[in-house]
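The figures here come from the full heavy-atom set of this structure, side chains too, leaving out hydrogens, waters and symmetry mates. In the text below, chain A, chain B and the rest are named by the order of the sequence lines, each starting its count at 1.
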There are 2 protein chains.
Amino acid sequence: MVTIADVARHAGVAPSTVSYVLTGKRSISPQTRTKVRESIRLLGYHPHAGARALASSRANVVALVLPLRPGVHLPVLMRFVTAAVTTARRHDMDVLLVTADQGAQGLRRVAGSAQVDGFLVMDVELDDDRVPLLRQMAQPSVLIGRPAAVKGLTCVDLDFEAAGARCVDHLADLGHRYIGFLGAPSVVYQRNTGYAQRTMAGFGAAAMRRGIASTALPTEDDYESVLGSVRSLLRSQPGMTALVVHNEAALGWVAGSLRALGRRVPDDVAVVAICPDELAEQMQLTSVQLPAEELGRQAMELLVARLNGHPTAPLTLLPPKLSGRASTTPRLRRA
Amino acid sequence: MVTIADVARHAGVAPSTVSYVLTGKRSISPQTRTKVRESIRLLGYHPHAGARALASSRANVVALVLPLRPGVHLPVLMRFVTAAVTTARRHDMDVLLVTADQGAQGLRRVAGSAQVDGFLVMDVELDDDRVPLLRQMAQPSVLIGRPAAVKGLTCVDLDFEAAGARCVDHLADLGHRYIGFLGAPSVVYQRNTGYAQRTMAGFGAAAMRRGIASTALPTEDDYESVLGSVRSLLRSQPGMTALVVHNEAALGWVAGSLRALGRRVPDDVAVVAICPDELAEQMQLTSVQLPAEELGRQAMELLVARLNGHPTAPLTLLPPKLSGRASTTPRLRRA
DNA sequence: ATGAAAGCGCTAACAA
DNA sequence: TTGTTAGCGCTTTCAT
């Protein structure tokens, strides 16, 4: 194996000089730098990660804690992971994969052995049992999601409240006065992930603000349930001309249900989805996207910032972005 | 930070004794072992991974090299990853995530810095440019897939040839005499991944062997394309009573297409899918499964074996397993 | 701008 | 069965 001593000898300098050329932690004369770089290239030298970690107490590795359990939307997860890994690499860090099933136990082990300098934790719930642990660990962490109390943490999430509001604003601007909200399965609202509730809250508040009548209903993922919910919405609000859908699995049934009830999209009922962009694109639905790449990148950048001792806000909310498509079409203002 | 010296002092033994208790590399008296274990627990000691790696030249980390590019079937990938990670953990190893976009460059870096002891490389193509590199690296590797030459490597893959043949045999045993094959998008056959070709080859050879007429067509992932392909198959072989589908994304459209063409499953046309079991289960399709978990587990086990100096076969082919479901139903022998 | 040398925490000979 | 000790390869003070 080629060591730093070999390089130093070959370049006719001290090992420390080689180290400083590599880390850039002190100024080196251009000649020396070139000479050392050349020796490194010639000998094919790669610093030993373990030795480096030991001497500098910096592993240059971050843990990515992933759910990998049923129910997560994998395409989104993957885009997120890719963005996170790419960003980490841009900062010369590697990524250790820790699956959530390893639990708090796993976090403790990885942290204790100084294998990683920090944690990127996905899929954090309102009352996540890992949060107390993360607070007291030596290594900093960034959480994707929004636990109940964010004080002392660094959390990143989509601004779901704004997302709900954005849908209403878009529809209101188009002249709609009666808007329905088709939500996630009711079990999601029971499970305290929060994002579903926040979206609805944002939707409701925006509707109130704009003086718009709104009704909301949860729905399961099958056709019958969607049809039933849409029918209920129309019954309680016969003048409904727009629908906001926050349920990826139900999206496929919405148009069909509306048609079965005699309504066409977008002429009779406009539809806005809150879902990954690719899905909306495919179905030509106006949508508010879940910015997976942006989330992954941002989260990793925040983690790197914390690793470098920079302070970060406890909560970063990414603004929703609405993409207009065929399912909402400008219409004349109605009474 | 708690070090091995702290533990040794607390337990009244030498540091090496603590080390040996941890690694089990020499016999320790039960009393000492208990005493040391107790001190470890009490002090909350975790060995420093970097120090360990440096002293033992073993990182206890393996690299998982993943595609994460468009076109891979994510649910399968995830099950594979989960199985691989779980298996690694069972051997006290951690997993470093290396995305394929980091390329050969990334492999070299990770290998050179002794960050990992070995590589688990997914999605290996017939003429993969990483293969030469993997051959000459100090660390052993296990490849998922089947490069052109496996000599000197350790490769694991599903026996796709046998999978194609198994479908034919199942259908032939049920009395079918005209069988169609609905393949992956044509781009997959152009990209030299091999598995698609091998499945078709196995299918074709088995059909010949059993004296059965067969026709094969690629198909894209959308309804129109599937409908078109099925129509073509029926046109060129009007007596076709069975269909083998090797295209996960197309599966959802197959039954619909057949129905649109006046055929019902399984009464008029029996269907066998080559796809993950969960998908087949959900759609009640007879299927040959892609054993993602088994593949991930097996691959990691082989890697661990190699890390421990055990020899391994250059190519391990997992036998296909067919699960009979509603889409193929015993029928009388036809003319 | 560079060198010398003391560790970082652990493992694995070598001794006893 | 256990202890002693010399590194593993690197970073980082302290010196010059």
Side-chain angles (χ1 to χ4, degrees), chain A residues 1-37 39-40 43-61 92 109-117 138 307, chain B residues 1-37 39-40 43-61 92 109-117 138 307:
Chain A
M1 195 206 179
V2 184
T3 73
I4 201 171
D6 298 327
V7 176
R9 206 171 309 122
H10 186 272
V13 299
S16 56
T17 301
V18 178
S19 176
Y20 285 121
V21 166
L22 249 22
T23 62
K25 288 188 180 170
R26 83 178 179 194
S27 50
I28 301 282
S29 78
Q31 304 93 300
T32 309
R33 200 195 340 257
T34 317
K35 211 170 34 178
V36 169
R37 289 240 174 86
S39 299
I40 288 177
L43 301 182
Y45 169 68
H46 288 273
H48 188 289
R52 203 167 223 192
L54 178 56
S56 66
S57 27
R58 270 274 229 160
N60 288 308
V61 177
D92 274 315
R109 183 180 54 79
V110 167
S113 63
Q115 264 191 107
V116 302
D117 304 320
L307 291 178
Chain B
M1 195 208 180
V2 185
T3 73
I4 201 171
D6 298 327
V7 176
R9 206 172 309 120
H10 185 272
V13 299
S16 57
T17 301
V18 178
S19 175
Y20 285 122
V21 166
L22 249 22
T23 61
K25 288 188 181 173
R26 81 177 181 194
S27 50
I28 300 282
S29 77
Q31 304 94 302
T32 309
R33 198 192 347 255
T34 316
K35 209 169 37 178
V36 170
R37 289 239 174 86
S39 298
I40 289 177
L43 302 182
Y45 168 69
H46 288 273
H48 188 290
R52 204 169 221 191
L54 180 56
S56 67
S57 33
R58 269 275 229 159
N60 288 309
V61 177
D92 273 316
R109 184 180 53 78
V110 167
S113 63
Q115 263 190 106
V116 302
D117 304 320
L307 291 177

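A distance of 11.0 Å separates OG1 in A:Thr34 from CD1 in A:Ile28, rounded to the nearest 0.5 Å. Taken to the nearest 0.5 Å, the CD1 atom of A:Ile4 stands 6.5 Å off from the CG atom of A:Leu22.
A:Thr32 is linked by a side chain to side chain donor-acceptor pair (under 3.5 Å) to A:Ser29, counting only residues two or more places apart in sequence or in another chain. Looking at residues two or more places apart in sequence or on another chain, you find no salt bridge (Lys or Arg N to Asp or Glu O under 4.0 Å) involving B:Arg26. With sequence neighbours left out, the salt bridge (Lys or Arg N to Asp or Glu O under 4.0 Å) criterion links A:Arg33 to no other residue. With sequence neighbours excluded, the residues that form a side chain to side chain contact (heavy atoms under 4.5 Å, CB included) with A:Ala11 are A:Val13, A:Val36, A:Ser39. Taking the salt bridge (Lys or Arg N to Asp or Glu O under 4.0 Å) definition, one finds that A:Arg9 meets it with A:Asp6, sequence neighbours left out. In terms of the side chain to side chain contact (heavy atoms under 4.5 Å, CB included) criterion, A:Ala55 has no residue partners (sequence neighbours excluded).
For the OP1/OP2 pair of C:dA1 and a distance below 4.0 Å, the side-chain nitrogens and oxygens of A:Ser27 include at least one atom meeting the criterion. Contact annotation: B:Lys25 side-chain N/O to C:dA12 OP1/OP2 distance is under 4.0 Å.
A heavy atom closer than 4.0 Å to some atom of DNA chain D occurs in B:Ile28, B:Ser29, B:Thr32, these being the qualifying members of residues 28-35 of chain B.
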Just the atom pairs and distances: protein N or O near nucleotides 14-16 of chain C's N or O, under 3.5 Å.
none

For nucleotides 7-9 of chain C, print each protein N/O atom paired with a nucleotide N/O atom at under 3.5 Å, atom names and distance only.
{"residue": "C:dC8", "atom": "O2", "partner": "A:Ala55", "partner atom": "N", "Å": "3.4"}
{"residue": "C:dG9", "atom": "N2", "partner": "B:Ala51", "partner atom": "O", "Å": "3.4"}

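Pairs of residues two or more places apart, or lying in two chains, never qualify as salt bridge (charged side-chain N to carboxylate O under 4.0 Å, His left out) while including a residue from residues 12-25 of chain A. Identified under the side chain to side chain donor-acceptor pair (under 3.5 Å) test for residues 44-54 of chain B, with sequence neighbours left out: none.
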Could you give me the CA-CA distance, side-chain angles and deciding distance for A:Val2 and A:Val7, then say whether side-chain contact (heavy atoms from CB on, under 4.5 Å) is met? CA-CA 8 Å; A:Val2 184; A:Val7 176; 4.3 Å; yes
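Here the C1' atom of nucleotide C:dA4 and the CZ atom of A:Arg9 are 15 Å apart, to the nearest Å.
With a 4.5 Å cut-off on side-chain heavy atoms, B:Val61 and B:Gln115 do not count as touching.
Side-chain atoms of A:Asp117 do not come within 3.5 Å of backbone N or O of A:Arg58 as any donor-acceptor pair.
Residue A:Thr17 is classed as a sugar-phosphate contact, given heavy-atom separations below 4.0 Å to backbone atoms only.
Taking every nucleotide of DNA chain D with any atom under 4.0 Å from a non-hydrogen atom of chain B, the first and last of them, 5' to 3', are D:dT1 to D:dG9.
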